[in-house]
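Remarks on the structure that follows.
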2 protein chains.
Amino acid sequence: MKQVTHSGIREAIRKRIIAGEWALGELMPGEAEFAQEYGCARTTVNRALRTLAEDGMIERKRKGGTRVRPLPLPPAQLRIPILREQVESRGSTYRHRVTNRIVRRTPAEIRERLQIPETTRTLYLETLHLADDRPFAFERRWINLDAVPQAEHAELTEYSANEWLVRTVPFSRGEVSLSATKAGSDLASALATHDGAAVFTLDRTTWLEGQAVTAVTFYYAEGFELKFSI
Amino acid sequence: MKQVTHSGIREAIRKRIIAGEWALGELMPGEAEFAQEYGCARTTVNRALRTLAEDGMIERKRKGGTRVRPLPLPPAQLRIPILREQVESRGSTYRHRVTNRIVRRTPAEIRERLQIPETTRTLYLETLHLADDRPFAFERRWINLDAVPQAEHAELTEYSANEWLVRTVPFSRGEVSLSATKAGSDLASALATHDGAAVFTLDRTTWLEGQAVTAVTFYYAEGFELKFSI
DNA sequence: TCTGTGATTATGTATGCACATATTCTGCTA
DNA sequence: TAGCAGAATATGTGCATACATAATCACAGA
């Protein structure tokens with residue numbers, strides 16, 4: 001009846017929590033108790049409960065015991081795919097075009113986002129991402145040339161700066177901000193839409209081992225939706 | 001020098017991956033090899049590598065071995081806080097006002113989203129969420145009364161429908177869609193902004209054990225940003 | 001009543017071992 | 001050469017045990 005695998009026990013306990021066997025915030029049985037009930041080692045229960053805690057379903061404290069989360073976290077696992085995948089998953093053909101590329105003075109706002117001094121050189125890039133040759137997203141990007149010097153002379157024809165960085169500086173971390181922007185005339189013409197269009201906007205600042213790598217803003221064409229499961 | 005804890009080993013290996021010791025997609029040493037190198041049990045290495053795999057940094061296959069992810073996943077952990085927390089974390093006072101509440105025919109679009117027949121009764125709610133008495137977000141919600149019959153007569157004064165559902169039907173799952181909407185005149189007046197404003201929009205459809213619970217759309221006031229770390 | 005200290009206890013983790021499971025690899029056979 | 005069966009192997013998992021660690025609790029002393 002009851003599985004004696006950690007995943008089986010995890011799902012059994014998950015069902016019991018959802019069924020309301022313990023109220024929000026209420027203390028649950030301890031590992032030893034569950035182990036006896038399910039007829040398995042405490043180690044196995046430990047793993048089941050640890051996983052549920054990682055999922056945000058329960059809280060655990062040494063000596064304090066295990067309890068159902070008082071206010072369950074809305075757990076959303078959002079993975080923002082790289083643009084090529086966003087386009088190709090819609091069945092469209094992806095292409096990109098670098099419309100501007102220059103090493104120039106970094107605007108103060110970007111210097112602050114990247115926390116770099118005025119002397120640091122950055123590469124500024126504007127890229128238009130196309131789905132079936134229609135504008136899909138417009139990208140403004142600054143790359144810290146101290147962190148990624150080889151970007152200055154990188155070929156960005158086969159791969160966009162987006163993909164090039166993912167391959168060159170993988171596993172970087174950072175901050176993302178999502179918002180809605182009212183298109184000005186320059187943005188509207190880049191995205192081939194009208195002035196005042198509501199544009200879904202994604203800002204990302206990326207770090208690797210404490211050093212700023214890049215700051216980027218994506219402006220998505222009208223009708224774009226970022227979908228994910230929770 | 002090197003920790004013999006799973007987290008110590010995990011971080012050591014993470015650093016080696018980031019340093020580029022193995023190329024993207026390249027085969028890494030096996031568990032037994034790492035265990036010998038770090039002088040610990042294979043179980044410990046197993047947990048370290050398992051965690052790295054959950055983080056999306058490596059891929060593992062039985063007999064196939066462990067390799068660095070060929071194309072690293074952009075790992076974004078987004079937890080959408082409930083509105084009260086979004087407001088209060090900005091240091092503002094949260095209040096809400098139910099501006100409309102009616103059991104009526106469910107629009108076909110919503111029936112499709114919830115996959116419910118025409119006969120199913122739903123509760124329609126409009127709620128205005130305020131930060132320091134200024135509009136922060138406007139919410140349109142349909143609640144499946146088959147799934148949550150007690151919603152029909154629930155007091156929604158202390159807690160908004162948002163929070164009431166989180167407490168009543170915790171741990172539900174679903175789909176989220178983020179987009180940008182151009183405000184029409186009714187939405188603009190609800191949010192006390194101007195016609196044509198760019199409005200950040202969040203759609204969510206929620207399920208519990210295969211049954212549709214609620215469909216909701218949040219329209220956030222101008223200037224709103226949804227921030228998170230990756 | 002307040003305070004601090006030590007005992008208590010639930011979870012956290014490392015280990016050695018055994019066995020399960022999914023792939024890949026090898027070599028036999030047609 | 002193609003196809004298939006079985007061997008080999010890396011990861012996956014369960015268990016018993018021991019000890020670590022962090023909270024909490026109880027109690028003594030001021």
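Throughout, protein chains are lettered first and strands after them, A, B, ... in sequence-line order, and every chain is numbered starting at 1.
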Which residues in residues 24-32 of chain B have at least one heavy atom lying under 4.0 Å from any atom of DNA chain C?
none
Between C:dT13, C:dA18, C:dA14, which nucleotide has the shortest distance from any of its atoms to the side chain of B:R42?
C:dA18
Comparing A:C40 and A:G64 on DNA chain D - which has the more 5′ nearest nucleotide
A:C40
Electrostatic pair A:D55:A:R14 at N-O distance under 4.0 angstrom
yes
DNA chain D: first to last nucleotide in contact with chain A (atom under 4.0 angstrom from a heavy atom), 5' to 3', is D:dT13 to D:dT24
Is a side-chain donor-acceptor pair under 3.5 Å present for A:T127 with A:R141?
no
Specify the separation, in whole Å, of atom CG of B:N46 and atom P of C:dT13.
14 Å
B:R60 CZ to C:dT24 P: how many Å, rounded?
15 Å
Length of the line joining B:R47:CZ and C:dT15:P, which is rounded to integer Å:
12 Å
Ignoring the backbone of B:K61, work out which of C:dA14, C:dG12, C:dT24 is nearest its side chain.
C:dT24
Carboxylate-amine/guanidinium contact A:E158 A:R167, below 4.0 Å:
no
For B:Y38 and C:dA14, what is the distance between atoms OH and P respectively, to the nearest whole Å?
14 Å
One thing to verify: whether B:R50 and A:E54 come together as a salt bridge, which I'm taking to mean a side-chain N less than 4.0 angstrom from a carboxylate O.
no
Taking NZ, NE, NH1 and NH2 as the nitrogens, is one of them in B:E59 or B:R67 under 4.0 Å from a carboxylate oxygen of the other?
no
Less than 4.0 Å between a side-chain N and a carboxylate O, is that true for A:E139 and A:R204?
no
Any B:I58 side-chain heavy atom under 4.5 Å of B:W22 side chain:
no
To the side chain of B:A41, which of C:dT13, C:dG16, C:dT9 is closest?
C:dG16
For A:H6 and C:dA20, what is the distance between atoms NE2 and P respectively, to the nearest whole Å?
16 Å
Report yes if some heavy atom in the side chain of B:E31 is under 4.5 Å from a heavy atom in the side chain of B:R60; otherwise report no.
yes
Check this one for me: any side-chain N or O of B:T44 less than 4.0 Å away from OP1 or OP2 of C:dT13?
no
What does B:T43 touch in the nucleic acid at a heavy-atom separation under 4.0 angstrom: a base, only the sugar-phosphate, or nothing?
base
Measure the distance from CZ on A:R62 to P on C:dT11 and round it to the nearest whole Å.
11 Å
Distance in angstrom units between A:F34 CZ and C:dG12 P, rounded:
14 Å
Is there a side-chain contact between B:Y220 and B:L83 in this structure, where contact means two heavy atoms from C-beta onward sitting under 4.5 Å apart?
yes
